[in-house]
Engineer: 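Below you'll find the structure I mean.
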Amino acid sequence: MNQPLFAAPKGTFDHVPPRAETILAVRDAMAEQVRRAGFGYIETPSFEETALFVRGVGESTDVVTKEMYSFTTKGGDDVTLRPEGTAPVLRAALENNLHRGALPVKLWYSGSYYRYERPQKGRYRHFSQVGAEVLGTEDPASDAELIVLAVDAYRALGMTGVRVVLNSLGSEESRPAYREALREYLRGLDLDEQTAARVEANPLRVLDDKRPEIQAALADAPVVADFLSPADRTHHDTVCELLAEAGVPFEQDPRLVRGLDYYTRTLFEFVHDGLGSQSAVGGGGRYDGLSELLGGPRLPGVGWALGVERTALALEAEGVPLPGQNGLDVYAVPLGGEASRHLFGVATELRRAGVRTDMAVGGRGLKGAMKAADRSGARFALVVGERDIAEDEVQVKDLRSGEQEAVSFSDVVPHVTRRLGH
RNA sequence: GUGGCUGUAGCUCAGCAGGUAGAGCACCUGGUUGUGGUCCAGGAAGUCGCGGGUUCAAAUCCCGUCAGUCACCCCA
């Protein structure tokens, strides 16, 4: 803390031990769920042609108008660090003709996303999410499947405070009528300039405004549910029934809308109260028209993205014990250079036998090294000094009981693996 | 882009009717010529975010600036 150091760019962060292990555990828990359900792993570039997001996410969205990291390459291409995953994955599916094979195509992915926003709790310029998409079916079973998988991922992590919030925006056929009705209603209100502009560009998003005066003004606004076609209604009811049968509680929220334009019908969010103002730990919905927006064929889809950092924050807020700490089995303590050479070999053999082993280096004193052994959380300490070398012995100390026994060098590896129950 | 709050040791913070810095935890050493977790003793560690101003004297007051943080707009 003396010289001017480099710092992580605004809104970004480093995941450092031991907390970083939580991040890994969160990703793993999410990945485990989708793998079990037959999703295939897909990776796409961290940046895409800017036009993909403008067309896919929607020209009038905040993401596109003010949150994109866009730049022009040396070759003159306009590219953007991806602010979300669905449009890129759909692009990749179409480009690789995945939709020409068996449908539906089920894909999952994990990676970094970028949005140029003012940072606050749970909202950063660089964040990571795990996503899943089901392409090529309108079956409400896929909507429900995804929601159940996400909830099971949260549960697997030990989280209890997530709520599922659900809504239906209606299909491309029924939504426009609602849009118009809502717009008419909103025009009758006394709104600030920015909000009034939003009424014209995308009235649904006004429903999402958190300001109390706006929410109060929306009390008598028309509700989507009244505009759903019979087919939309059936679709939505089926999703609800499947969730109920799966034992996944949910709340209907007719005000739920999301900031991306491509959503149709099913829309959902996973919310948690321990995150401050950014309460969504994950969210998603159906996007039956997105493929066509991108110039592709009719290819309905549904998907979600789960925020890795926000999930970690939620776990911390609940006080769930942080999963996945790196545990050691053995910590080797040499006394002097000769002993160090001997134990180096033992440590290598132990690791090759699958035993998690660390060793004191730098010629620390015995006391200091034992302290390090204790802090490492290892089950056993291996102590070797000149006397032991002379007698071909390793002192194996059980750090829990404090008991210690001498074992010959040739027996150490099998002795330790046996006592660890490997 | 707008607003509130905060910047003192590795971490969490105290000190702010101005007199050139403290605690707890962590770390290192010793008490035990070869043994951790408890205890005891000692030690190392800070241009008090940065710049300017007021003053005999500024961590403390004033101005500016940067950074962090929380919130709004919106979202993972």
Side-chain angles (χ1 to χ4, degrees), chain A residues 1-5 7-13 16 26 30 57 60-67 82-86 111-131 150 192 194-195 197-198 202 205-214 256-260 269-272 275-284 304-314 331 333-336 339 360 362 364-378 380-389 395-404:
Chain A
M1 169 101 162
N2 25 18
Q3 299 303 311
L5 290 174
K10 190 184 192 71
T12 69
F13 45 80
V16 298
V26 167
M30 292 169 175
V57 175
S60 69
T61 60
D62 277 23
V63 168
V64 168
T65 55
K66 58 179 203 188
E67 295 170 5
R82 59 184 179 195
E84 63 100 41
T86 300
S112 293
Y113 297 84
Y114 311 86
R115 288 185 200 171
Y116 190 83
E117 300 189 87
R118 205 48 193 270
Q120 71 186 73
K121 189 175 176 69
R123 191 179 73 182
Y124 309 102
R125 291 184 173 183
H126 168 246
F127 57 99
S128 46
Q129 48 188 35
V130 171
D192 62 279
Q194 204 184 355
T195 308
R198 192 173 298 137
N202 193 341
R205 288 180 45 237
V206 178
L207 296 177
D208 216 16
D209 202 310
K210 277 187 199 157
R211 290 173 293 183
E213 63 273 22
I214 301 288
L256 177 68
V257 295
R258 312 197 74 239
L260 313 181
E269 229 164 54
F270 307 107
V271 300
H272 194 280
L275 295 184
S277 169
Q278 308 306 316
S279 57
V281 291
W304 49 235
L306 310 182
V308 174
E309 288 82 10
R310 284 193 183 176
T311 299
L313 282 173
Y331 195 93
V333 177
L335 295 164
R364 308 185 70 166
L366 175 61
K367 183 166 176 162
M370 285 304 294
K371 235 177 155 162
D374 184 46
R375 279 191 300 247
S376 78
F380 297 108
L382 303 187
V383 181
V384 170
E386 286 176 27
R387 292 205 305 256
D388 306 297
I389 293 169
Q395 304 298 326
V396 178
K397 179 164 187 174
D398 184 325
L399 290 170
R400 283 189 216 155
S401 66
E403 286 164 19
Q404 179 169 312

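Proteins come first, then strands; the chains are lettered A, B, ... in the order of their sequence lines, and each starts at number 1.
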Engineer: With a 4.0 Å cut-off on heavy atoms, is A:R118 in touch with a base, just the backbone sugar-phosphate, or nothing at all?
Structural biologist: base

Engineer: Give the rounded distance in Å between these two atoms: CD of A:Q120 and P of B:A67.
Structural biologist: 18 Å

Engineer: Whole angstroms only, please: what is the CG-C1' distance between A:L275 and B:C70?
Structural biologist: 14 Å

Engineer: So, is A:K10 near the phosphate of B:G68, with a side-chain N or O under 4.0 Å from OP1 or OP2?
Structural biologist: yes

Engineer: For a 4.5 angstrom cut-off between non-hydrogen side-chain atoms, does A:R310 reach A:Q129?
Structural biologist: no

Engineer: Summarise protein proximity over nucleotides 34-39 of chain B in one line of letters, 5' to 3': B for base, S for sugar-phosphate only, - for none, counting protein heavy atoms closer than 4.0 Å.
Structural biologist: BBBB--

Engineer: Please identify each residue that fulfils side chain to side chain donor-acceptor pair (under 3.5 Å) with A:Q395, with sequence neighbours left out.
Structural biologist: A:D388, A:Q404

Engineer: Write down the distance between CG (A:D209) and P (B:C72), rounded to a whole number of angstrom.
Structural biologist: 10 Å

Engineer: Report the distance from atom CZ of A:F13 to atom P of B:U69, rounded to the nearest whole Å.
Structural biologist: 11 Å

Engineer: Shorter than 3.5 Å, N or O on both sides, protein versus nucleotides 5-7 of chain B: list them out with atom names.
Structural biologist:
none

Engineer: Please verify the inter-ring angle class for A:F13 with A:Y124; under 30° counts as parallel, over 60° as perpendicular, anything in between as tilted.
Structural biologist: perpendicular

Engineer: For a quick check of understanding: with a heavy-atom distance under 4.0 Å over all strands, which category does A:Y124 fall into, base, sugar-phosphate or nothing?
Structural biologist: base

Engineer: Round to the nearest Å and state the distance from A:N202 atom CG to B:C74 atom C1'.
Structural biologist: 12 Å

Engineer: Roughly how many Å is it from CG in A:L260 to P in B:C74, rounded to a whole number?
Structural biologist: 13 Å

